[in-house]
Q: 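Can you read through this structure? Questions will come right after.
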Amino acid sequence: MKIESNNNTAFGAKFIKFEKIKKLKTAEKTYENIYASFVEINPQNQNDISALSKTAKYWENEKFAGNIYLTAKELTKQTKNIGKIYALTEQKGNFEKLEFKKILGITNIIKEDTKCIYLDHIQTNPAYIYDVMNKFKGIGSGILNSLKSLYNVITLISLDTKATKNFYRKNGFQEVNNSNLFVWYK
């Protein structure tokens with residue numbers, strides 16, 4: 001007897017690797033190294049889409065979380081794998097039920113080929129950017145380090161601000177002809 005399998009279950013976020021960041025030890029006002037989980041979002045999974053939707057809605061002063069969420073929604077309609085969404089989260093397991101309150105940062109990339117990507121947006125939870133004693137440090141760098149472990153070439157167009165450009169330079173990117181175009185090579 002032949003049994004047909006019609007299982008279209010879309011599993012949740014896929015664990016890629018642990019990434020070292022820093023977390024504030026409030027009592028001592030010092031930072032300790034911790035490991036956050038770098039995961040690939042599954043745009044076919046409703047829980048992952050819901051988690052992205054909530055980050056866009058509840059992250060005050062976000063600049064790109066809404067765009068990343070809309071990109072994920074578009075990826076649900078794509079038949080070709082042209083882009084990916086990644087997140088850095090405090091969550092250590094159970095990624096099929098991604099908890100939006102534990103998401104530290106998100107990014108979306110466009111694949112140019114298997115080892116070359118365009119970094120479209122990167123967004124750290126704004127609550128961890130603007131305070132003097134942030135609860136977490138190194139979220140954006142952690143996302144970039146994780147992407148560097150997966151790809152050989154990363155290109156991006158930076159915001160035209162000194163702080164943003166310095167962030168990319170600090171993370172090993174080279175600016176091309178003072179154009180806001182940055183590239184990183186393995």
Side-chain angles (χ1 to χ4, degrees), residues 10 12-14 16 19 21 36-91 95 98-113 116-131 134 136-148 150-151 153-171 173 175-176 179-184:
K14 178 177 123 182
I16 304 293
E19 192 61 54
I21 62 171
S37 302
F38 186 70
V39 298
E40 180 182 337
I41 299 294
N42 181 349
Q44 304 303 321
N45 179 275
Q46 187 52 49
N47 187 66
D48 285 6
I49 294 297
S50 175
L52 289 176
S53 172
K54 289 174 183 174
T55 60
K57 183 176 181 180
Y58 294 112
W59 283 5
E60 289 186 38
N61 302 314
E62 62 85 16
K63 291 184 178 166
F64 303 117
N67 291 341
I68 295 169
Y69 162 68
L70 292 174
T71 298
K73 292 285 286 180
E74 282 301 310
L75 289 174
T76 64
K77 303 172 191 172
Q78 301 293 324
T79 56
K80 291 171 36 179
N81 186 6
I82 58 169
K84 291 183 183 258
I85 311 289
Y86 295 102
L88 193 65
T89 177
E90 289 183 85
Q91 219 168 306
F95 299 116
L98 197 59
E99 298 175 48
F100 90 93
K101 289 183 179 179
K102 292 189 175 189
I103 295 175
L104 304 170
I106 54 180
T107 188
N108 72 296
I109 59 107
I110 298 168
K111 290 176 71 174
E112 295 177 7
D113 65 36
C116 181
I117 61 166
Y118 175 77
L119 179 65
D120 197 25
H121 296 99
I122 184 169
Q123 174 76 61
T124 295
N125 182 336
Y128 306 136
I129 297 174
Y130 301 114
D131 288 340
N134 297 319
F136 294 97
K137 283 187 174 184
I139 297 167
S141 294
I143 290 171
L144 291 177
N145 289 337
S146 294
L147 291 173
K148 290 174 185 177
L150 298 174
Y151 302 103
V153 179
I154 303 171
T155 58
L156 62 94
I157 305 269
S158 171
L159 291 176
D160 193 15
T161 68
K162 184 177 180 180
T164 304
K165 288 181 173 188
N166 285 340
F167 167 74
Y168 288 117
R169 286 184 190 110
K170 178 185 94 173
N171 281 284
F173 285 77
E175 187 172 11
V176 178
S179 63
N180 297 339
L181 173 65
F182 282 78
V183 65
W184 173 86

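Just so it is clear, the model here is predicted, and its values are computed rather than measured.
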Q: Roughly how far, to the nearest 0.5 Å, is the CD1 atom of I110 from the NE2 atom of H121?
A: 9.0 Å
Q: Take the angle between the ring planes of F136 and Y128 and call it parallel below 30°, perpendicular above 60°, tilted in between.
A: perpendicular
Q: Is there a donor in the side chain of D120 and an acceptor in the side chain of N108, or the other way round, less than 3.5 Å apart?
A: yes
Q: Answer whether the closest heavy-atom distance between the side chains of I143 and Y86 falls below 4.5 Å.
A: no
Q: Does the side chain of T107 reach to within under 4.5 Å of the side chain of L119, using non-hydrogen atoms?
A: yes
Q: If you take all heavy atoms of T164 and S158, which pair is closest and at what distance?
A: CG2-OG, 3.3 Å
Q: Closest heavy-atom contact between F95 and T89?
A: CE2-CG2, 4.2 Å
Q: Would one find more than 12 heavy atoms of other residues, nucleotides or ligands at under 6.0 Å from atom NZ of K137?
A: no
Q: Checking side chain to side chain contact (heavy atoms under 4.5 Å, CB included) for the pair K14/N42: CA distance, chi angles, key distance, verdict?
A: CA-CA 7 Å; K14 178 177 123 182; N42 181 349; over 6 Å; no
Q: Determine the minimum heavy-atom distance between Q91 and E99, stating which atoms define it.
A: OE1-N, 2.8 Å
Q: Taking C-beta and beyond as the side chain, do F38 and N145 meet within less than 4.5 Å on heavy atoms?
A: no
Q: Run the side chain to side chain contact (heavy atoms under 4.5 Å, CB included) test on N125 and I139 for me, step by step, so that the C-alpha distance in whole Å, both residues' side-chain angles and the decisive distance to 0.1 Å come before the verdict.
A: CA-CA 9 Å; N125 182 336; I139 297 167; 5.7 Å; no
Q: Tell me the closest heavy-atom pair linking K73 and I49, and the distance in Å.
A: CD-CG2, 3.7 Å
Q: For the residue pair W184 and L156, establish whether any side-chain heavy-atom pair is separated by less than 4.5 Å.
A: no
Q: Mind checking whether F173 and Y168 have parallel, tilted or perpendicular rings, split at 30° and 60°?
A: perpendicular
Q: Can you name the closest pair of heavy atoms from L104 and E90 and give their distance?
A: CD2-CG, 3.9 Å
Q: Are the side chains of W59 and I103 in contact, using a 4.5 Å heavy-atom criterion?
A: yes
Q: Under 4.5 Å between any side-chain heavy atoms of F167 and L144, yes or no?
A: yes
Q: Considering only heavy atoms from C-beta outward, does the side chain of K54 approach that of Y69 to under 4.5 Å?
A: no
Q: Where is the tightest heavy-atom contact between E40 and I16, given as atom of each residue plus distance?
A: N-CG1, 3.9 Å
Q: Between E62 and T55, is any pair of side-chain heavy atoms under 4.5 Å apart?
A: no
Q: Output, in order, the C-alpha distance, side-chain angles, deciding distance and verdict of side chain to side chain contact (heavy atoms under 4.5 Å, CB included) for N180 and E175.
A: CA-CA 6 Å; N180 297 339; E175 187 172 11; 3.8 Å; yes
Q: Side chain to side chain contact (heavy atoms under 4.5 Å, CB included), that's the test. Do T155 and E112 meet it? Break it down for me.
A: CA-CA 10 Å; T155 58; E112 295 177 7; 3.5 Å; yes
